[in-house]
Amino acid sequence: MTQIDGASTTPGYRVPRLRFAPSPTGFLHIGAFRTALFSWLYARHTGGQFIVRIEDTDLARTVEGAVDDFTQALQWLGMDVDEGLNIGGLYGPYSQVQRKALYQQYANQMIESGHAYKCYCTPERLDQMRKEQEAKKLPPRYDRRCRYLSEDEKAANIAAGLPYTVRFAMPLEGETVVHDKLHGDMIFKNTDLDDMIILKADGLALYHLAHLVDDHLMGITHVIRGEEWISSAPRHVQIHKALNWEVPEYYHVPVVLGKDKKKLSKRRGAPRWSEYKEQGYLPEAVFNFLALLGWSYDDKTEIFSQEELIKAFTLDRIGVASGIYDPDKLLWMNGLYIRRLPLADLVTRTIPYMERPEAEGGLPDSVQRPLDPEYTTRVLALEQERLKTLKDAAHAVSFFYEDEISYDNDILIQKKMDAAGTRDALQHARTFLAGLDTWEHTAMETPMREMATQLNLKTGQLFGSVRSAVSGRTATPPLFQMMEVLGREVTLQRIDQAIARLS
RNA sequence: GGCGCAUUCGUCUAGCGGUUUAGGACAUCGCCCUCUCAAGGCGGAGAUCACGGGUUCGAAUCCCGUAUGCGCUACCA
């Protein structure tokens, strides 16, 4: 295996190198990508590199398809990767199972230097020890039995071929300082740190060793990770010392909490990232929203394009307090991004949602696919500012496409009106509309306002009846523009049907 | 239990010793606009800056306690 020591081959100034290192143990929710986003933004802000590495040392929990899933997520969010699995790079491989020998090499090195030792304790003994400690209300911790094995005992264990793990020999006194750029210096007593396992009995490294070896070899300069790692950070600092390696800059960012104030997790109902795609959220809106989850620019700016974010993003403006993620605000932001979309983009991006089967939130199955892009452009022009998600469109505009609309007769009859009066009003409207020279909304409004006056109706009453007749709805885009798009034939036909319903 | 991190409107946040009667955004309420629904505009309500002590002429801002929340405490990451 040829490896390049990234940290030592580039003396002096190093281009920032940051990584996203998920473990493929499940499908990620958007909170998980927020940390990746910070790394990506900083890499792009500084002209550095963004690396993706798979932390797959836990074979038992590895989930099929997980790597594909987050690869797609990065793509969807527009986070391009400089090095990583399936892409390659100078510091590969980028999957930890393929780097097994490397971890063993450094573990051995530490055994030789006295910074680590082989532990022959069985899982059963460990379990029992933990139970006893808990019963005595003591902090559960390895009792370091194998650290003090005599040479004879060691030889006997080796001769017997006993399986072993490798543990890190933590300093027995003193303290460890973790320099964190967000939290400042965090000081830990070494007596609170135990001799954790760094190599499992099967020879594979644990996260504590593996991530650090990789970060070093891959020349990672800034480690941005969730604050759930703070507790183990002093252990990582100690391993760096034992290996005589430089500690990267740590940024422990707050976890994202759900409504229940617990760490966002799939088990607690946090949607997968793909849910947002499926529901018709725009990746640029999700990206913007995610960036604001624990990071802020100033006291007012919160809408940023990706380019603006790259320009504005600095690590020092990441906050330290955990925040509850607010789906309402994301929904608002998505609506805002939809409104700002050029119409042509909106159409091409919305049509796939509309063409989905009815059962999946698309238009009624009776509507012919594929949709006419030109007609749909005219339809969506009227609906754009009313949409919160792309998926909303199908329901909002279905009456533009249906041959038969169904509705309750009650909605035809407006306040302070009766069936006969409504029928009469619709008849007048029908006659007028049928006689128009050109079918343009600008030609409709003024005459119909006059008509309302003549009929002794409020415009709201007349327009409301016509609206319901033509759409089967009570909430629609502006009436005349809607009728223009529907066309004369459909409009008149639907008014006729409404009149028939009231007879 | 131990160790650690955090604590400004319901929520996200600005604030880094005096410019603050604590600013913005979402949500909420009201008004305006208006053919409905939105969008938009204007305005209201909403935070004794967790609490208690210090330091200082002066603290949301610095220090120390307490409380609460969260995280870690695996041959998981």
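A note on names: the letters A, B, ... follow the listed sequences, proteins ahead of strands, and every chain is numbered from 1.
A residue-by-residue look at L138(A) and L336(A) shows that L138(A) has its nearest nucleotide of RNA chain B further toward the 5' end. Across the interface with RNA chain B, nearest-nucleotide mapping of W332(A) and M186(A) shows M186(A) to be the residue nearer the 5′ end.
Ion pairing between D202(A) and K100(A) fails under the 4.0 Å rule for side-chain N and carboxylate O. With respect to the salt-bridge test (charged N to carboxylate O, under 4.0 angstrom), the residues R449(A) and E445(A) qualify. The pair R53(A)-D215(A) meets the salt-bridge criterion, since a charged nitrogen lies less than 4.0 angstrom from a carboxylate oxygen.
The side chain of D328(A) sits closest to C26(B) out of C3(B), C26(B), C35(B). Ranking C76(B), A74(B), U36(B) by closeness to the P140(A) side chain, first place goes to A74(B).
Across all strands shown, U7(B) forms a Watson-Crick or G-U wobble pair with A67(B), both key distances being under 3.5 Å.
In this structure, K388(A) reaches the A39(B) phosphate: one of its side-chain N or O atoms is under 4.0 Å from OP1 or OP2.
Contacts of Y164(A) classified as ring-ring contact (aromatic ring centres under 6.0 Å, His included), with partners at least two apart in sequence or in another chain: Y120(A).
Between C32(B) and C37(B), the distance separating the two P atoms is 13 Å to the nearest Å. Distance noted for atom P between U7(B) and C63(B): 12 Å (whole Å).
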